[in-house]
Amino acid sequence: MQWNSFTRDFCSVQLRVNDNLGACGGSGFAMIAGQLQTEFGASVENAEVQLHSATPEYPLNQMTGLQGVYAFEDNPLLQDYAIKGYKNDNHKNGVTTLDMVLIQLHVLGTQTLDSPYKVIAADVNSDQKVSTIDLLELRKLILGIYDELPASESWCFVDRDQVFHDIHQPWPFIEVLEVQELVTSMMEEDFISIKVGDVNGSAVANTSKTNDVYSMDKVRIQTHDRNFETGDNVEVEVTSKDFVDIFGFQFTLVHNGLSLLDFVPGVLDIGADNIGHHNGLITMSWHSTSLRSLSPQDILFTLKFRASSGGRLSEAMNLGSKITLSEIYVGNKKSVHQLDLEFRTNGDRVEYDRIALYQNEPNPFSASTVIGFELRESERATLTVFDINGKIVRIIDGEFNIGYNEVILSKRDFESAGLYIYQLESSALQIRKKMIYLE
């Protein structure tokens with residue numbers, strides 16, 4: 001036979017042989033492993049995976065690392081196993097008023113959620129349906145009335161291989177993976193991880209993604225600046241020149257030396273359910289199912305205070321994110337912008353003459369903490385966090401607003417518990433303070 005040199009080819013084949021029952025002197029054990037990821041592809045860190053079996057040494061528990069992977073080695077063959085994921089921390093992670101907008105549009109049928117996992121995330125009260133009750137519960141969490149959802153853990157985990165015949169009715173779903181009569185290593189026992197309440201995928205799932213300072217366009221609300229004396233009744237009417245094509249907003253308002261007496265809605269349909277009352281703080285969450293645009297003369301709402309000490313409004317009040325993140329949702333794309341409170345006198349913006357770096361709150365902290373500071377003008381500034389040995393832990397560099405600003409740090413920014421130093425550097429100052437992180 002003549003060999004044709006132009007038609008030669010070869011391939012490489014790798015053959016794996018499993019001694020399932022130990023007939024060749026094998027160990028009689030196998031591995032069960034998998035990965036926890038969101039539907040958006042983010043690995044879920046610090047989730048507990050539980051492996052159950054009838055033998056005495058089970059259940060076994062393991063925490064996922066940065067890649068969201070778990071692996072249980074040396075499991076006896078021919079046994080039945082069940083695998084379940086668990087994570088119940090930081091219920092507010094990724095939950096904002098924007099999620100409420102998307103959930104309400106789904107409830108109304110105007111714009112339905114496009115995956116079964118988002119529908120499961122929207123079922124905040126775990127009654128296997130998405131309704132206005134879920135919106136009410138979610139708003140209480142956003143406003144800080146709830147620290148956690150009363151009827152749901154913060155995450156749930158679904159069999160990655162589950163087929164949903166109706167994505168808008170995904171219940172019941174498979175939360176426990178079953179392996180019957182283990183005969184070989186099972187390396188792809190994977191879960192889709194769902195952050196309850198977060199339907200737009202903004203939750204931080206692992207330490208490779210951290211909270212960033214806003215660098216987006218700003219939408220400003222305004223009020224008239226003035227002095228007040230002890231015992232004065234102070235009415236704060238809030239307007240906006242930028243309120244165009246708005247779907248919703250949320251914020252935390254600090255009001256030092258001012259006790260809230262009453263809230264009066266303006267052109268927006270804001271009621272008692274939209275407001276959270278805290279010691280020296282107000283939280284607010286409002287949304288609409290259609291774009292809203294207002295004129296600069298329209299009053300959004302009025303806050304009525306009584307002064308417990310004398311001061312100036314621009315020094316007593318600031319908009320921040322201590323409890324509820326300060327943000328606003330603009331346009332059909334529902335883009336997230338920073339919300340800013342501006343004080344004016346005779347139509348002119350009040351210029352700040354103050355520079356300050358405040359103590360982080362809370363301090364000590366274990367989950368997250370807020371660092372507030374004030375600048376005389378809008379400018380570039382740098383906040384740097386050091387450990388006690390001077391090693392840089394985090395650098396946040398960006399353009400910040402005139403007046404009050406906030407930066408949020410989470411436990412993901414710190415390698416271990418201990419004393420840390422944070423430093424603010426701008427064109428006018430360099431100042432440091434200390435904080436304590438507790439694991």
Side-chain angles (χ1 to χ4, degrees), residues 45-46 63 65-66 89-90 92-94 144 147 203-216 218 251-254 256 278-281 315-327 338 340-341 352-439:
E45 189 177 9
N46 292 326
M63 301 299 292
L66 182 61
D89 61 355
N90 193 7
K92 292 179 81 170
N93 181 11
D147 292 325
V204 176
N206 59 67
T207 53
S208 67
K209 179 182 177 183
T210 57
N211 294 315
D212 296 320
V213 178
Y214 284 111
S215 59
M216 300 166 292
K218 302 177 182 66
F251 61 76
T252 301
L253 180 71
V254 179
N256 296 317
H278 306 270
N279 185 24
L281 300 170
E315 297 176 356
M317 294 178 59
N318 58 70
L319 213 60
S321 303
K322 184 175 181 179
I323 297 175
T324 303
L325 292 173
S326 175
E327 56 186 41
Q338 184 174 358
D340 189 24
L341 175 61
Y352 270 75
D353 59 0
R354 210 171 43 205
I355 304 175
L357 175 64
Y358 297 113
Q359 186 64 52
N360 64 301
E361 294 183 5
N363 186 47
F365 70 97
S366 57
S368 63
T369 190
V370 177
I371 298 174
F373 58 91
E374 296 193 56
L375 299 174
R376 287 177 179 166
E377 58 186 356
S378 297
E379 64 171 317
R380 193 168 196 85
T382 303
L383 184 74
T384 308
V385 180
F386 307 87
D387 66 16
I388 195 63
N389 297 314
K391 177 185 175 182
I392 295 177
V393 174
R394 180 91 193 271
I395 297 177
I396 301 169
D397 183 75
E399 297 290 336
F400 294 95
N401 294 331
I402 182 174
Y404 184 78
N405 297 267
E406 285 183 348
V407 168
I408 302 173
L409 299 176
S410 76
K411 62 182 181 181
R412 300 173 182 84
D413 296 310
F414 302 88
E415 295 181 355
S416 60
L419 178 67
Y420 289 83
I421 311 295
Y422 59 96
Q423 172 185 288
L424 177 67
E425 185 173 5
S426 70
S427 61
L429 88 162
Q430 184 183 89
I431 187 169
R432 293 186 172 190
K433 288 187 178 292
K434 299 177 181 178
M435 62 182 171
I436 298 174
Y437 167 54
L438 302 175
E439 288 183 323

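We count residues from 1, following the sequence as given.
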Do Ile408 and Leu325 have side-chain heavy atoms sitting under 4.5 Å apart? yes

Could you measure the distance from the CD atom of Glu315 to the CD atom of Glu374? Nearest 0.5 Å is fine. 8.5 Å

What residues, two or more places apart in sequence or in another chain, satisfy side chain to side chain contact (heavy atoms under 4.5 Å, CB included) together with Glu425? Gln423, Gln430

Is it true that Asp89 and Lys411 make a salt bridge, defined as a side-chain N closer than 4.0 Å to a carboxylate O? yes

State, yes or no, whether a side-chain contact exists between Tyr404 and Leu375 at a heavy-atom distance under 4.5 Å. no

Is a donor on one side and an acceptor on the other found under 3.5 Å between the side chain of Asp387 and the backbone of Asn389? yes

Taking the side chain as everything from C-beta on, heavy atoms only, tell me whether Tyr437 gets closer than 4.5 Å to Glu415. no

The single option from Asp413, Ile388, Val393, Leu409 that satisfies side-chain contact (heavy atoms from CB on, under 4.5 Å) with Tyr420 is Val393

Under the side-chain contact (heavy atoms from CB on, under 4.5 Å) criterion, do Phe386 and Arg432 qualify, and how do the steps go? CA-CA 10 Å; Phe386 307 87; Arg432 293 186 172 190; 4.0 Å; yes

Distance col, row Leu341:CG vs Ser326:OG, nearest 0.5 angstrom, shows 9.0 Å

Would you find more than 12 non-hydrogen atoms of other residues, nucleotides or ligands less than 6.0 Å from Asp147 atom CG? no

Residue pair Met435, Leu419: steps toward the side-chain contact (heavy atoms from CB on, under 4.5 Å) verdict: CA-CA 6 Å; Met435 62 182 171; Leu419 178 67; over 6 Å; no

Output all residues satisfying salt bridge (charged side-chain N to carboxylate O under 4.0 Å, His left out) with Lys92, sequence neighbours left out; order by chain, then residue number. none

What distance do Asn318 atom CG and Glu406 atom CD have between them, rounded to the nearest 0.5 Å? 7.0 Å

Taking side chain to side chain donor-acceptor pair (under 3.5 Å) as the test, write out the residues that go with Asn46, two or more places apart. none

Can you measure from CG (Leu281) to OG1 (Thr324) and round to the nearest 0.5 angstrom? 9.5 Å

Contacts under 3.5 angstrom, residues 361-371 side chains, donor-acceptor by atom type, not counting sequence neighbours:
unit_1: Glu361; atom_1: OE1; unit_2: Lys322; atom_2: NZ; d: 2.1
unit_1: Asn363; atom_1: OD1; unit_2: Asn360; atom_2: ND2; d: 3.4
unit_1: Asn363; atom_1: OD1; unit_2: Ile436; atom_2: N; d: 2.9
unit_1: Thr369; atom_1: OG1; unit_2: Asn360; atom_2: ND2; d: 3.1
unit_1: Thr369; atom_1: OG1; unit_2: Glu361; atom_2: O; d: 3.2
unit_1: Thr369; atom_1: OG1; unit_2: Pro362; atom_2: O; d: 3.0

Main chain of Lys434, side chain of Gln359: is a donor-acceptor contact present, judged purely on distance under 3.5 Å? yes

Do you know which two heavy atoms are closest between Leu424 and Ala381, and how far apart they sit? CD1-CB, 4.2 Å

For Asp397, give me all partners under salt bridge (charged side-chain N to carboxylate O under 4.0 Å, His left out), at least two apart in sequence or on another chain. Arg380

Is there a side-chain contact between Tyr422 and Leu357, using heavy atoms and a 4.5 Å cut-off? yes

Mind checking whether Phe373 and Phe400 have parallel, tilted or perpendicular rings, split at 30° and 60°? perpendicular

Listed by chain and number, what are the side chain to side chain contact (heavy atoms under 4.5 Å, CB included) partners of Ile395, not counting sequence neighbours? Thr382, Thr384, Ile392

